[in-house]
Amino acid sequence: MARTALVTGGSRGIGAAISQTLKAQGYAVAATYAGNDEAAAKFSEETGIKTYKWNVGDYEDSKAGIARVEADLGPIDVVVANAGITRDAPFHKMTPEQWHDVVNTNLTGVFNTIHPIWPGMRERKFGRVIVISSINGQKGQFGQVNYAATKAGDLGIVKSLAQEGARFNITANAICPGYIGTDMVMAVPEKVRESIIAQIPVGRLGEPEEIARCVAFLAADDAGFITGSTLTANGGQFFV
Ligand SMILES: NC(=O)c1ccc[n+]([C@@H]2O[C@H](COP(=O)([O-])OP(=O)(O)OC[C@H]3O[C@@H](n4cnc5c(N)ncnc54)[C@H](OP(=O)(O)O)[C@@H]3O)[C@@H](O)[C@H]2O)c1
């Protein structure tokens, strides 16, 4: 039987490519989003992938949404915690609201996404947990104290879950993308984007599909020995 995958933030950007790649590989895929109904409807129409709307920052919302997905598609075997936001500002100008918004979506949202799925994975003795972190969680970034903190936190989550999940055949891994040409990156001023590209040895932004193939690799049934790892895909910009 086809395995079931949940991709949060799976209707746009990197998440959309992940959803489509997993579908192409035979997974039954559910993609979630937060509020952009138009983009989600267009995505569903074009791909045939069902979308679900909830805020990953809200535990009860996440739990109820996940129950809906499992009622529709069956137990979730692969969870990709991809939904994320930026609220950039230099630290001296960063507001508590900017801090809390990013922590709530990018870090608490990862907890809220994995926690309701975890007991079922333990019972069924199979699971693949994949968290989309970031190059800036590895190296830090000017103007991103909030974002870098959450993305570094993701690495702590997977390293701990890898230890807790190992005897249940559940793996937990993180992917650290470098700069990928999605709305998130296209929203930064062109001059800044050019200066970013100048720092990437391969001389270009990454494609969402290049992250999706990392997910497919880690999600596979025969990837059971890879756990607690961080897969870096950044065009050579930063080596850990
Ligand atoms: N782009 C990059 O260069 C880059 C680099 C490193 C890491 N990343 C990470 O990769 C992930 C995807 O980034 P992206 O560039 O593809 O982002 P994106 O194009 O902005 O898409 C974000 C997706 O997440 C959803 N989302 C945002 N907040 C949410 C919430 N509270 N609850 C549920 N869904 C929510 C959005 O839903 P709506 O459509 O409803 O808004 C959308 O589907 C993020 O975790 C990001 O930090 C990105």
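We count residues from 1, following the sequence as given. Both counts, for ligands and for their atoms, begin at 1 and track the order of listing.
Within the 3.5 Å criterion, the main-chain N or O of Gln144 finds no donor-acceptor partner in the side chain of Asp88. Of the possible polar contacts, one joining the Asn82 side chain to the Thr8 backbone as a donor-acceptor pair under 3.5 Å is found. The backbone N or O of Ile76 sits less than 3.5 Å from a side-chain atom of Glu70, completing a donor-acceptor pair. Within the 3.5 Å criterion, the main-chain N or O of Ile226 finds a donor-acceptor partner in the side chain of Asn173. Using modelled atom types, one side-chain atom of Arg128 and one backbone atom of Asp221 make a donor-acceptor pair closer than 3.5 Å.
Under a 4.0 Å heavy-atom criterion, Ser11 is in contact with ligand 1. Not close to ligand 1: Ile135, with no non-hydrogen atom less than 4.0 angstrom away. Not a single heavy atom of Gly109 lies less than 4.0 angstrom from ligand 1. Remark: distances from the non-hydrogen atoms of Lys53 to ligand 1 are all 4.0 Å or more.
For the pair Met186 and Arg193, the minimum side-chain heavy-atom distance is below 4.5 Å.
In this comparison of Gly84, Ala81, Gly13, the heavy atom closest to atom 22 (C) of ligand 1 sits on Gly84. Between the choices Ser133, Ala40, Ala83, the shortest heavy-atom distance to atom 26 (N) of ligand 1 belongs to Ala83. Between atom 11 (C) of ligand 1 and the options Thr8, Val80, Asn82, the minimum heavy-atom separation is to Asn82. Comparing heavy-atom distances from atom 5 (C) of ligand 1 across Gly178, Ser134, Gly206 singles out Gly178 as nearest.
Ligand 1 places these atoms under 4.0 Å from at least one heavy atom of Trp54: 32 (N), 33 (C). Numbered from 1 in the order shown, with element, the atoms of ligand 1 that lie under 4.0 Å from a heavy atom of Tyr179 read 3 (O). The atoms of ligand 1 that sit less than 4.0 Å from any heavy atom of Ile85 are 27 (C), 28 (N). Heavy-atom proximity to Asn36, at under 4.0 Å, picks out these atoms of ligand 1: 38 (P), 39 (O), 40 (O).
Of the heavy atoms in Thr182, only side-chain atoms (C-beta onward) come closer than 4.0 Å to ligand 1. The proximity of Tyr147 to ligand 1, defined as any non-hydrogen pair under 4.0 Å, is limited to the side chain. Only the side chain of Thr105 comes within contact range of ligand 1, with a heavy atom under 4.0 Å; no backbone atom does. Looking at Val185 against ligand 1, only its side chain comes within 4.0 Å, counting heavy atoms.
Criterion: ILVMFWY side-chain heavy atoms under 4.5 Å apart, direct or through other members. Under it, Tyr33 and Phe43 are not part of a common hydrophobic cluster.
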